[in-house]
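The structure presented is a predicted model; accordingly, all values stated were derived computationally and were not measured.
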Amino acid sequence: MSEESSFQKSSKLEYAFAAVLILLVVNTGVFIIAFSNSQNQLETLETSISEQNNKIQDLQNQLEIFDVIDQTGLMPWSAIYNQLNDSVVLIQTDLGLGSGFVYDMKGHIVTNYHVIQGANTIQVTFLDGNITSATLVGMDIYSDLAVIKVNPEVTALRPVVLGSSSELTVGEPVAAMGNLFGLSGTITAGIVSSLERTMDATGGYAIIDIIQIDAAINPGNSGGPLVNIKGQVVGMNTAIESETGVFLGIGFAVPSDTIQREIDELIETADYMHPWLGITALEVDIAIADAIGLEKAQGILVIEVTSGSPAEQAGLIGGDETRVVDRREVTVGGDVITEVDGVPVRVTADIIVYMEQNTSPGDNMELGIIRDGQELSLTVTVGERPLP
């Protein structure tokens with residue numbers, strides 16, 4: 001065989017080997033990409049399956065409650081205790097202790113902000129004795145709400161069933177669960193004493209729609225669930241009215257509607273943005289109405305408008321003169337707000353409650369006002385309540 005022929009044969013072999021090598025590399029790359037895509041799809045599928053399992057578990061927990069309800073639609077307190085006790089946890093921090101309850105199968109637990117406020121460490125104890133650390137997920141100091149999270153594999157989680165606090169009626173039976181004075185597995189029964197109370201919060205604002213109860217609440221109960229006779233959580237025990245620090249017949253709970261309104265945002269973004277107007281106001285009574293020349297007592301008198309607030313940007317006017325009205329000093333000369341989006345405003349809490357329940361930062365709302373005896377309408381773009 002000639003040298004030229006041998007060279008051509010050698011070249012062909014080299015080309016063939018290179019082609020095979022290139023094909024092998026391409027196929028390997030295609031396989032790696034396909035494998036990676038399959039892994040991503042598998043992970044997505046596993047996540048979806050996990051979420052569906054969590055939802056199924058939540059539904060099973062609800063069905064277990066409904067299975068216990070008798071023909072009257074009610075559950076005895078003993079059945080409610082047995083059904084929910086595994087859902088209630090003891091929360092201990094380096095500063096104190098409180099209660100909480102399991103919200104979902106992912107390990108989220110709801111409690112009061114003041115239970116974990118300023119804490120460096122958070123420890124959660126379940127009824128079965130399992131103890132684990134927890135991390136802070138989100139908090140809202142204005143509603144005294146916080147969400148913490150534990151490893152969902154630490155124990156068998158039993159989420160509560162949230163009911164609607166808006167369906168509560170005065171006189172309805174309720175029970176407070178928690179760890180009063182650190183004593184686990186406690187339930188105290190009573191009734192709803194009143195609804196739509198307001199309670200002072202950080203920064204001079206008010207927590208709205210507070211539920212007033214006569215079921216005993218004591219230190220350690222904070223963050224525990226308030227349940228109705230159907231076994232649904234309709235609130236979260238949060239405070240008492242007492243000069244001694246122990247229960248004297250009046251307790252308060254954050255409504256479940258507030259929890260449901262905020263919790264997704266707390267979990268996703270770590271905080272909750274409240275709507276904000278930016279005024280200081282005073283209820284118009286008969287004496288004030290006479291002093292400012294109103295035909296009847298109605299609305300709230302704007303005393304002060306916060307600089308840079310939505311109220312100022314909308315053109316609301318605060319008072320500019322101090323008068324003695326019914327033996328008290330009152331700043332007059334400001335607008336009187338009588339309506340918000342057509343809903344009558346009688347006290348300051350009316351506008352706060354309306355905004356919390358119906359608006360979010362960036363929304364517009366119409367204020368009906370009286371200025372210098374004339375009825376006017378102002379459009380306000382709702383702002384975000386600033387941090388204290």
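Between the side chain of Gln260 and the backbone N or O of Gly163, at least one donor-acceptor pair lies under 3.5 Å. A donor-acceptor pair is defined here as one N or O able to donate and one able to accept, closer than 3.5 Å; no such pair exists between the side chain of Asp257 and the backbone of Ser164. Not a single donor-acceptor pair under 3.5 Å links the side chain of Arg197 to the backbone N or O of Phe252. Of the possible donor and acceptor atoms, one in the side chain of Asp350 sits under 3.5 Å from a partner among the backbone N and O of Val347. Of the possible polar contacts, none joining the Asp209 side chain to the Val353 backbone as a donor-acceptor pair under 3.5 Å is found. Side chain of Gln313 to main chain of Gly308: a donor-acceptor pair is present (N/O by atom type, distance under 3.5 Å, no hydrogens or angles).
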>> The test is side-chain contact (heavy atoms from CB on, under 4.5 Å); show your working for Ile259 and Leu145 and say whether it passes.
In response: CA-CA 8 Å; Ile259 297 171; Leu145 281 177; 3.8 Å; yes
> Stepwise, does the side-chain contact (heavy atoms from CB on, under 4.5 Å) test hold for Met199 with Thr238?
Replying inline: CA-CA 10 Å; Met199 189 170 67; Thr238 190; 3.8 Å; yes
> Can Asn237 and Ser99 be said to form a side-chain contact (heavy atoms from CB on, under 4.5 Å), step by step?
Replying inline: CA-CA 9 Å; Asn237 312 320; Ser99 302; over 6 Å; no
> Would Ile337 and Ile279 count as a side-chain contact (heavy atoms from CB on, under 4.5 Å) if you check the C-alpha gap in whole Å, the side-chain angles of each, and the deciding distance to 0.1 Å?
Replying inline: CA-CA 11 Å; Ile337 301 175; Ile279 62 170; 3.8 Å; yes
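Looking at heavy atoms from C-beta onward, Leu97 lies out of side-chain contact with Asn179 at the 4.5 angstrom threshold. Annotation: side chain of Val147 is not in contact with side chain of Tyr103 (no heavy-atom distance under 4.5 Å).
Ion pair Arg385/Glu356 flagged as a salt bridge, since at least one NZ, NE, NH1 or NH2 atom sits closer than 4.0 Å to an Asp/Glu carboxylate oxygen.
For the side chain to side chain contact (heavy atoms under 4.5 Å, CB included) with Val227, the lone residue among Val161, Ile80, Val174 that qualifies is Ile80. Each of Leu282, Asp326, Val336 was scored for a side chain to side chain contact (heavy atoms under 4.5 Å, CB included) with Ile288, with one residue passing: Leu282.
Contact between Tyr81 and Thr186 at its shortest, heavy atoms only, is CE1-N, 4.4 Å. Contact detail for Ser309 and Gly278: the closest heavy-atom pair is OG-O, 3.4 Å. Across all non-hydrogen atoms, the minimal contact from Ser193 to Val170 is O-CG1, 3.6 Å. Taking all atoms of both residues into account, the shortest heavy-atom contact from Ala297 to Ile286 is CB-N, 3.8 Å. A pairwise comparison of heavy atoms in Pro310 and Thr381 identifies CB-O, 3.2 Å as the closest pair. Nearest heavy-atom pair, Val102 versus Leu157, reported as atom, atom and distance to 0.1 Å: CG1-CB, 4.2 Å.
Side-chain contact of Glu167 with Asn228: a donor-acceptor pair under 3.5 Å is absent, judged by distance alone. Using modelled atom types and a 3.5 Å distance limit, the side chains of Gln123 and Ser133 yield no donor-acceptor pair. In summary, the side chains of Gln298 and Thr338 do not present any donor paired with an acceptor at a separation below 3.5 Å, with no hydrogens or angles considered.
In this view, Thr269 and Glu265, Asp271 satisfy the side-chain contact (heavy atoms from CB on, under 4.5 Å) rule, not counting sequence neighbours. For Arg371, the salt bridge (Lys or Arg N to Asp or Glu O under 4.0 Å) partners at least two apart in sequence or on another chain are Asp335.
For Arg346, the CZ atom counts as loosely surrounded, since its 6.0 Å shell holds 12 or fewer non-hydrogen atoms of other residues, nucleotides or ligands. Heavy-atom neighbours of Met365 CE from other residues, nucleotides or ligands within 6.0 Å: above the threshold of 12. Within a 6.0 Å sphere centred on CD of Glu375, heavy atoms belonging to other residues, nucleotides or ligands number 12 at most. Surrounding CD of Glu196 are at most 12 heavy atoms belonging to other residues, nucleotides or ligands under 6.0 Å away. In Asp94, the CG atom is crowded: over 12 heavy atoms of neighbouring residues, nucleotides or ligands sit closer than 6.0 Å. Other residues, nucleotides and ligands contribute at most 12 non-hydrogen atoms within 6.0 Å of the CD atom of Glu295.
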